Every structure is written in structure tokens, then in C-alpha cells.
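Below: one structure, written as C-alpha cells.
Keep in mind it's a predicted model, so treat the numbers as computed, not measured.
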Amino acid sequence: MTLPASFFDGMYADADDPWSMRTRWYERRKYALTTAVLPRERYLEGLEVGCSVGELTAALASRCDRLTGWDASVAAVQRAGRRVADLPGVTVEHRAVPGDALPAVDLLVLSEVLYYLDPADLDLLLGQVRAAVRPGGTLLAVHWRHEVAGYPQTGDAVHAALRAGLDWPVVAGTRGA
């Protein structure tokens, strides 16, 4: 079963930054690697699904003319909105996948979000991804590889589904922890 928005609302009720995205070295390193593998210097329109508190959103902002962050949690949207308030061309919206259809973009970032979807919802989202990423655009997927109790899928499982369901070249990849 796909994890409901209430799961994330509970996480943000318990902590301002539930995954310590602002303070952990692991997260800073991940964001540096994530932006470093992007094959283009600039993107006209970007979308980050599951933006949480906006740390990756802020890192992506300098690479996009317009960037939108989505999150299913109202609290996350508020925190991310404050984080990126001074960044030009960046907006944050309360939306969730696969219920909200993806807009057409040049950069689609699915970081630490797909393993919250059950296989049926992931399949629905993959159909949206095919239509959303413009020709020549970039799909960037980043996920924790270890199993997490209570998550419907693992990072390895969702990346296998991405490879099987989408016919795009892999520009870069890493399999570190």
C-alpha cells in the first residue's frame, strides 16, 4: 500500500527536519553528487517530487530557470517554501503522485520518494513520467538502497522498475550506501 500523506504529516509533526536533511553530511554529499551528475548546465523547467524541507530544491535552483517542488505534506511545503523564498523562479506546491498529474518539464527529480509508492501506483507514475519529461530532458532518480521497515518497496526495486518501464539512457549511476 502506498504510504498516505498522513504518514509524512506525522513525521513533520514530530520533527522540524525528520530526515536531518539540513545537518547530516550524508545528505550534503548526496545533494552534491545529485547535482553533479546532471548532464546539462541549465534547464528551462524543473520539477522535484517530494521536496521535503527544500534542501535539494535549493541546490537545484541555480540549475533551472523555473523550478517547482512538490510534497504531499502541508508542513513540508511550508518549510520548503521558507527555505527557497528568496530564490528566483522557485515555487513549492502541495501535491502528491500519482494523483496529481506531472506537468511537462526538462528536468524531473524523483529523489527519495518512489519507494513510498506501492507497485501499482509506481506503474501509474511511470506512465506519467514518460509523458512529462520533454524530449532531450533528464529524469533523475536517487534512492536509499537498504530496506526500510514499513516502506512498500526498496530503492533497488524502484530503480529496476524505472529501468524496465522507461527506455532512457543512463547517464550516470552509483550504487554506494
Side-chain angles (χ1 to χ4, degrees), residues 1-12 15 17-22 24 26-27 30-31 33-35 37-38 43 46-61 64 67-81 83-84 90-103 105 107-133 137-166 168 173-174 177:
M1 174 174 150
T2 293
L3 294 181
S6 60
F7 170 85
F8 302 100
D9 289 334
M11 297 286 294
Y12 289 100
D17 182 7
W19 290 275
S20 301
M21 294 178 173
R22 295 182 186 126
R24 288 179 54 212
Y26 168 84
E27 297 295 339
K30 180 179 68 181
Y31 300 147
L33 290 169
T34 299
T35 57
V37 300
L38 291 174
Y43 293 88
L47 174 64
E48 178 193 6
V49 175
C51 66
S52 186
V53 296
E55 290 302 306
L56 180 56
T57 316
L60 293 165
C64 299
L67 175 64
T68 304
W70 283 9
D71 206 282
S73 167
V74 172
V77 168
Q78 291 168 346
R79 291 169 197 167
R83 173 65 176 92
V84 301
V90 181
T91 59
V92 180
E93 300 176 358
H94 179 231
R95 295 186 183 260
V97 295
D100 288 303
L102 300 173
V105 293
L107 172 63
L108 177 58
V109 178
L110 302 169
S111 179
E112 310 285 353
V113 67
L114 294 180
Y115 38 53
Y116 299 124
L117 302 178
D118 65 26
D121 281 344
L122 178 60
D123 192 49
L124 286 173
L125 181 63
L126 291 181
Q128 292 182 19
V129 168
R130 283 184 206 92
V133 179
T138 300
L139 168 64
L140 178 66
V142 178
H143 292 86
W144 176 253
R145 297 189 57 231
H146 306 284
E147 188 170 338
V148 178
Y151 287 12
Q153 301 194 67
T154 65
D156 286 345
V158 297
H159 282 256
L162 284 167
R163 285 189 300 278
L166 301 172
W168 277 324
T174 182

Please report the shortest heavy-atom distance between [X] and [Y], naming the atom on each side.
X    : Y   : value
D9   : V74 : OD1-N, 3.6 Å
P152 : L3  : CD-CG, 3.9 Å
A61  : V90 : CB-CG2, 3.6 Å
A96  : A72 : CB-CB, 3.8 Å
C64  : G46 : SG-CA, 4.2 Å
V84  : G54 : CG1-O, 4.0 Å

Rounded at 0.5 Å granularity, tell me how far [atom1] in [X] sits from [atom2] in [Y].
X    : Y    : atom1 : atom2 : answer
L33  : L38  : CG    : CG    : 11.5 Å
R95  : C51  : CZ    : SG    : 12.5 Å
D71  : T57  : CG    : OG1   : 9.0 Å
K30  : S111 : NZ    : OG    : 5.0 Å
D121 : L126 : CG    : CG    : 11.0 Å
R130 : L139 : CZ    : CG    : 11.0 Å

(request) Could you walk me through whether L110 and V129 pass side chain to side chain contact (heavy atoms under 4.5 Å, CB included), step by step? (result) CA-CA 10 Å; L110 302 169; V129 168; 4.2 Å; yes

Could you check whether any side-chain N or O of [X] sits under 3.5 Å from a backbone N or O of [Y], counting only pairs where one atom can act as donor and the other as acceptor?
X    : Y    : value
T2   : D118 : yes
R79  : Y12  : yes
D17  : R22  : yes
H94  : W70  : no
Q153 : V158 : no
E48  : L67  : no
D123 : P119 : no

(request) List the steps, then state whether side chain to side chain contact (heavy atoms under 4.5 Å, CB included) holds for L125 with L102. (result) CA-CA 9 Å; L125 181 63; L102 300 173; 3.8 Å; yes

(message) Are the side chains of E112 and V142 in contact, using a 4.5 Å heavy-atom criterion?
(response)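 Contact flag for V142/E112 side chains = yes.
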
(message) Applying ring pair (Phe, Tyr, Trp, His ring centres under 6.0 Å), can you list everything that pairs with F8, at least two apart in sequence or on another chain?
(response)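 Per chain and number, F8 pairs via ring pair (Phe, Tyr, Trp, His ring centres under 6.0 Å) with Y116.
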
